[in-house]
2 protein chains.
Amino acid sequence: MLRISKLADYSTVVMSYLAREPDKMHNARDIMEHTHIALPTISKILKILAKSGLLRSHRGINGGYTLVIPPDQISVAQILAAMEGNVALTECSGQHSHCSIEPICHIRSNWRSISHVVQESLKKITLADMLRS
Amino acid sequence: MLRISKLADYSTVVMSYLAREPDKMHNARDIMEHTHIALPTISKILKILAKSGLLRSHRGINGGYTLVIPPDQISVAQILAAMEGNVALTECSGQHSHCSIEPICHIRSNWRSISHVVQESLKKITLADMLRS
DNA sequence: TAAATCAGGACCGCTATAGTACTAATTATA
DNA sequence: TATAATTAGTACTATAGCGGTCCTGATTTA
């Protein structure tokens, strides 16, 4: 259905919550209470986002996560890329393509450019935009 | 990864092939020889597309499928919709949403409009466009 | 030193998807 | 009218991906 994964979906919810107080540190439990996403799921998302560089983590008592970049400079495309790689609507638009009909496929380049168009529109939407409903 | 399904992907390949000779009838075997997609898969795709009204079928000897609408009036969005329903990037953007955090989710309307943007750009691309590489 | 918190995996069960197969219905043609 | 070609419809299976959980170890603060 041209869906993003649930984990990626939740990650935008988490990032939006963090973006409301960009400088404050939030731990997983705090995020759970405000988003109602299950704790292990949140924890998993936070780790991925931290690893990709969108969040900075702090261990220990009073630890948690903060945004590394201001909300108006983080795009939805960046968040999706962190969670599930670059936008590629078809197999052949991605990095390591293994489509068997690729050698004789006439519309491959078209799908590449369609993916590009979609990606560009997702780049234009920032976390700051997501705060405005 | 924001992927369309393989079946949907293949369906655009099949439709593109048919669009090259919009008035001619093609059977499944013929399409297989020109696209190298497995025959049962092609057959499955053709049935779905016919049921959705994009193709007209003809049984019996010399039977096959033809396009119902001229290629410049069929959009990629239409083909995707036929194969897997309307574009809805998130659960909550679709028809029958069951997301548990929906009641308190602050970014739902944003995702709806993002889905809308993507859908609009897919509507603008026609089968005729896909023939031009 | 103890408690809180993140890091990094391993793991499981469900669901969706891709792909296959079989039988019935329909049609053209010899 | 018989036969062969073709689609219609449905059922089935196997696989992979995904969501979600849990455990152990490392780090930090009080």
Side-chain angles (χ1 to χ4, degrees), chain A residues 1-11 13-14 18 24-33 35-66 68 80 83-85 88 90-91 94 96 98-101, chain B residues 1-11 13-14 18 24-33 35-66 68 80 83-85 88 90-91 94 96 98-101:
Chain A
M1 289 242 206
L2 195 56
R3 284 267 164 94
I4 64 173
S5 72
K6 199 114 194 183
L7 230 48
D9 184 348
Y10 284 160
S11 74
V13 175
V14 169
L18 294 182
K24 202 173 153 193
M25 183 124 65
H26 293 274
N27 63 30
R29 164 179 295 278
D30 171 35
I31 298 172
M32 175 199 70
E33 282 163 3
T35 63
H36 291 197
I37 303 169
L39 192 56
T41 303
I42 290 181
S43 173
K44 189 175 191 174
I45 291 170
L46 290 170
K47 288 172 199 171
I48 297 173
L49 293 173
K51 202 167 184 181
S52 79
L54 289 179
L55 296 180
R56 178 176 300 123
S57 66
H58 248 63
R59 295 193 189 181
I61 290 181
N62 300 328
Y65 295 86
T66 51
V68 173
L80 292 191
M83 296 301 296
E84 45 187 36
T90 60
E91 171 81 30
H96 309 289
H98 296 301
C99 181
S100 58
I101 68 166
Chain B
M1 291 242 207
L2 196 55
R3 283 269 164 92
I4 64 174
S5 73
K6 199 114 194 181
L7 229 49
D9 184 348
Y10 284 159
S11 74
V13 174
V14 169
L18 293 181
K24 202 173 153 193
M25 183 126 64
H26 293 275
N27 64 28
R29 164 180 294 279
D30 171 35
I31 297 172
M32 176 200 69
E33 282 163 3
T35 62
H36 290 197
I37 303 170
L39 191 56
T41 303
I42 289 179
S43 172
K44 190 175 191 174
I45 290 169
L46 289 170
K47 286 172 199 171
I48 296 173
L49 292 173
K51 202 165 186 183
S52 80
L54 289 179
L55 296 181
R56 178 175 300 123
S57 67
H58 245 66
R59 294 193 191 183
I61 290 183
N62 300 328
Y65 296 86
T66 51
V68 173
L80 293 190
M83 296 301 295
E84 44 187 38
T90 60
E91 170 82 29
H96 309 290
H98 296 301
C99 181
S100 59
I101 68 166

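In what follows, chains carry the letters A, B, and so on, assigned in the order in which the sequence lines appear, proteins first and then strands, with residues in each chain numbered from 1. Everything quoted here is computed from the prediction, not taken from an experiment.
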Spacing of Ile31(B) atom CD1 relative to dT7(D) atom P, expressed in whole Å: 8 Å
d(CG, Leu39(A); C1', dC6(C)) in whole Å: 12 Å
Backbone N/O of Ala88(A) and side chain of Arg3(B): donor-acceptor pair under 3.5 Å: yes
Would you say a side-chain N or O of Ser57(B) is under 4.0 Å from OP1 or OP2 of dA8(D)? yes
Nearest-Å distance for atom pair CG/C1', residues Leu7(B) and dG19(C): 9 Å
Counting the atoms with a prime plus P, OP1 and OP2 as sugar-phosphate, which does Ala50(A) contact under 4.0 Å by heavy atoms, base, sugar-phosphate, or nothing? nothing
Using OP1 and OP2 only, check whether a side-chain N or O of Thr41(A) sits under 4.0 Å from dT21(D). yes
Note: Ile45(B) and Met83(B) closest approach over all heavy atoms is CG1-CE, 4.2 Å
Check the distance between dG19(C)'s C1' and Asp9(B)'s CG and give it to me in whole angstrom. 15 Å
Take the protein atom CD1 of Ile37(B) and the nucleotide atom P of dT20(C), then report the distance between them rounded to whole Å. 12 Å
If you check every side-chain atom of Arg59(B), which of dT27(C), dT27(D), dA18(C) has the closest atom? dT27(C)
Would you say Tyr65(B) places a side-chain N or O within less than 4.0 Å of OP1 or OP2 belonging to dA8(D)? yes
Using a cut-off of less than 4.0 Å, is there contact between a side-chain N or O of Ser5(B) and OP1 or OP2 of dA18(C)? yes
Donor-acceptor pair under 3.5 Å, Lys6(A) side chain vs dG19(D) base: no
Do the side-chain N or O atoms of Asn62(A) get closer than 4.0 angstrom to the phosphate oxygens (OP1, OP2) of dT29(D)? no
Just how far, in rounded Å, is C1' of dA8(D) from CG of Asn27(B)? 15 Å
Taking N and O atoms by type only, does the side chain of Lys44(B) place a donor or acceptor under 3.5 Å from a partner on the base of dG19(C)? yes
Whether the side chain of Thr35(B) engages the backbone of Ile31(B) through a donor-acceptor N/O pair (distance < 3.5 Å, no angle test) should be reported. yes
Atom pair distance, as rounded to whole Å: NZ in Lys51(A) and C1' in dA7(C): 9 Å
Heavy-atom nearest nucleotide on DNA chain D for Ser43(A) versus Ala8(A): which residue maps closer to 5'? Ala8(A)
Measure from CZ on Arg3(A) to P on dG19(D) and round the result to the nearest Å. 12 Å
Choosing from dT27(D), dT27(C), dG9(C), which nucleotide comes nearest the side chain of Ile61(B)? dT27(C)
